[in-house]
Engineer: 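This is the structure, below, for whatever I ask next.
Each ligand, and each atom within it, is numbered from 1 in the order the structure gives. Fair warning: this is a prediction, and the values are worked out from it, not measured in the lab.
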Amino acid sequence: MFRILSRSLKAGIVTAKDPFADRAPFGFPVIDFEACTACEECVRACPTGALQADSPEPGRKTLSLSRAACIQCRECVEACPERAVRPGPELETAAYSREQLTERASFEVDGATGRASFRAMETLPGPTREESAAGLRERIEGRLGRSLHVRQVDAGSCNGCELEILATANPVFDLERFGIQFVASPRHADVLLVTGPVTRNMEVAVRRTYEATPLPRVVVATGACGCSGGIFREGTYASLGGVDRVVPVDVYVPGCPPRPQAILGGLLLAMGLREASGKGAR
Ligand code: SF4
Ligand code: SF4
């Protein structure tokens, strides 16, 4: 007994005062579009289709980066001959839609040389982060308060996301200090925290779990797979893709896997206790 007490005293308090203060050595890639020539080397290197190039009209090109689909593999950083893509330190990039996690740049193509140069950032359709936050706040107004019961649903994950979700409950991140608790049944839950691309075998289970959750039920799609299908892509023989292909999603927490502070940030976003940060077109 004495030994246990002395060990606890020696360990002290391990809980991080501000779990969001940490910065990752590699978060999501950051593109310096001014230096980018839209050569598409990064697009060819990207295994998930997070980087996309398009030529909507003659003399114009677009390049977009979707954090919803990015698995932070750094292939684009290595592939860029202009050194325009670099690793970013951002960890916490939860948002309310896939569009808010996407940035798209427009380029002008020189007819003589074929070289593209950056023109402007484009605005993607859909509500802004502020509009989405206000909509969600209105829906949950006075219903969730400062306590949140979460049911985690694995719709086909590799379990990487689950390991990070488990870490949110450890003494370092200690999600219970924010009033967040995991529960065993969707009937007791306010939020469904869904991981993995939705496999065809799990489609009905995800729908039923959603229907069993009492209103105003909030859905948080977790990980690149939950946000977009990730490395498993969408509409394959085994996988439908992102969670929003099956049930409506309120908050997207990208990353492969997202770190515990990103998951915590997403849950606080769902409670209306934190604002969305990070880059995106909206
Ligand atoms: S880091 Fe993201 S955007 Fe870059 S190649 Fe990997 S998945 Fe694609
Ligand atoms: S996002 Fe990454 S860690 Fe999470 S389920 Fe998909 S592959 Fe696994």
Engineer: What atoms of ligand 1 come within less than 4.0 Å of a heavy atom belonging to Leu51?
Structural biologist: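 Matching atoms, with element in brackets: 3 (S).
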Engineer: Counting N and O atoms only, with roles assigned by atom type, does the side chain of Arg129 sit under 3.5 Å from a partner on the main chain of Gln100, one being a donor and the other an acceptor?
Structural biologist: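 Present.
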Engineer: Relative to the heavy atoms of Thr48, which atoms of ligand 1 are at a distance of less than 4.0 Å?
Structural biologist: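 Going through ligand 1 atom by atom, the ones under 4.0 Å from Thr48 are 7 (S).
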Engineer: Using the six-membered ring of Tyr210, assess whether NZ or CZ of Arg217 lies under 6.0 Å from its centre and within 45 degrees of the ring axis.
Structural biologist: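 Here Arg217 passes the 6.0 Å and 45° test against Tyr210.
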Engineer: Of all heavy-atom pairs between Leu267 and Leu148, which one has the smallest distance, and what is that distance?
Structural biologist: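 The pair with the smallest heavy-atom distance is O-CD2, 4.1 Å.
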Engineer: Do the charged groups of Glu203 and Arg207 touch, with an N to O distance under 4.0 Å?
Structural biologist: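 Looking at Glu203 and Arg207, the cut-off is met.
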Engineer: What's the shortest distance from atom 8 (Fe) of ligand 1 to any protein heavy atom, and which residue and atom give it?
Structural biologist: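 Minimum-distance protein heavy atom for atom 8 (Fe) of ligand 1 reads Cys46 SG, 2.4 Å.
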Engineer: Counting only N and O atoms by type, is there a donor-acceptor contact under 3.5 Å from the side chain of Lys61 to the main-chain atoms of Ala38?
Structural biologist: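 Looks like yes, one N/O pair under 3.5 Å.
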Engineer: So how many protein N, O or S atoms does atom 6 (Fe) of ligand 2 have within less than 2.8 Å?
Structural biologist: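 Excluding waters, the total comes to 1.
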Engineer: Identify the protein heavy atom lying closest to atom 4 (Fe) of ligand 1, giving its residue, its atom name and the separation to 0.1 Å.
Structural biologist: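 Atom 4 (Fe) of ligand 1 sits closest to the protein heavy atom Cys76 SG, 2.2 Å.
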Engineer: State the atoms of ligand 2, each with its element, that fall below the 4.0 Å cut-off from a heavy-atom position in Gly255.
Structural biologist: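 Under 4.0 Å from Gly255, ligand 2 has these atoms: 1 (S).
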Engineer: Counting only heavy atoms closer than 4.0 Å, does ligand 1 sit against the backbone of Leu65, its side chain, both, or neither?
Structural biologist: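 Just the side chain.
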Engineer: At less than 2.8 Å, would any N/O/S atom of Cys73, backbone or side chain, sit next to atom 2 (Fe) of ligand 1?
Structural biologist: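 So Cys73 does not bind atom 2 (Fe) of ligand 1 by this criterion.
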Engineer: Which heavy atom of the protein is the closest neighbour of atom 2 (Fe) of ligand 1, given with residue, atom name and distance?
Structural biologist: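 Result for atom 2 (Fe) of ligand 1: Cys70 SG, 2.4 Å.
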Engineer: Which other residues belong to the hydrophobic cluster containing Val183, where Ile, Leu, Val, Met, Phe, Trp and Tyr are joined when side-chain heavy atoms lie under 4.5 Å apart, directly or via other members?
Structural biologist: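 Result for Val183 is none, singleton.
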Engineer: Has the side chain of Glu78 got a donor or acceptor atom that lies under 3.5 Å from a matching backbone atom of Glu75?
Structural biologist: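 Not at all, since once roles are kept as given, no pair shorter than 3.5 Å links the two residues.
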Engineer: Indicate every side-chain donor-acceptor pair of residues 218-236 with a distance under 3.5 Å to a residue at least two apart or in another chain.
Structural biologist:
from   : atom 1 : to     : atom 2 : distance (Å)
Ser228 : OG     : Ala68  : O      : 3.0
Ser228 : OG     : Ala224 : O      : 3.0
Ser228 : OG     : Gly230 : N      : 3.1
Arg233 : NE     : Thr48  : O      : 3.0
Arg233 : NH2    : Pro47  : O      : 3.2
Glu234 : OE1    : Arg98  : NH1    : 3.2
Glu234 : OE1    : Arg245 : NH2    : 3.0
Glu234 : OE2    : Arg98  : NH2    : 3.0
Glu234 : OE2    : Gly242 : N      : 2.9
Glu234 : OE2    : Arg245 : NE     : 3.1
Thr236 : OG1    : Ala238 : N      : 3.3
Thr236 : OG1    : Ser239 : N      : 3.0

Engineer: Could you tell me which residues satisfy salt bridge (Lys or Arg N to Asp or Glu O under 4.0 Å) with Arg44, sequence neighbours excluded, listed by chain and number?
Structural biologist: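 Glu41.
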Engineer: Just checking Arg115: does its CZ atom have more than 12 heavy atoms from other residues, nucleotides or ligands closer to it than 6.0 angstrom?
Structural biologist: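 Result for CZ/Arg115: open.
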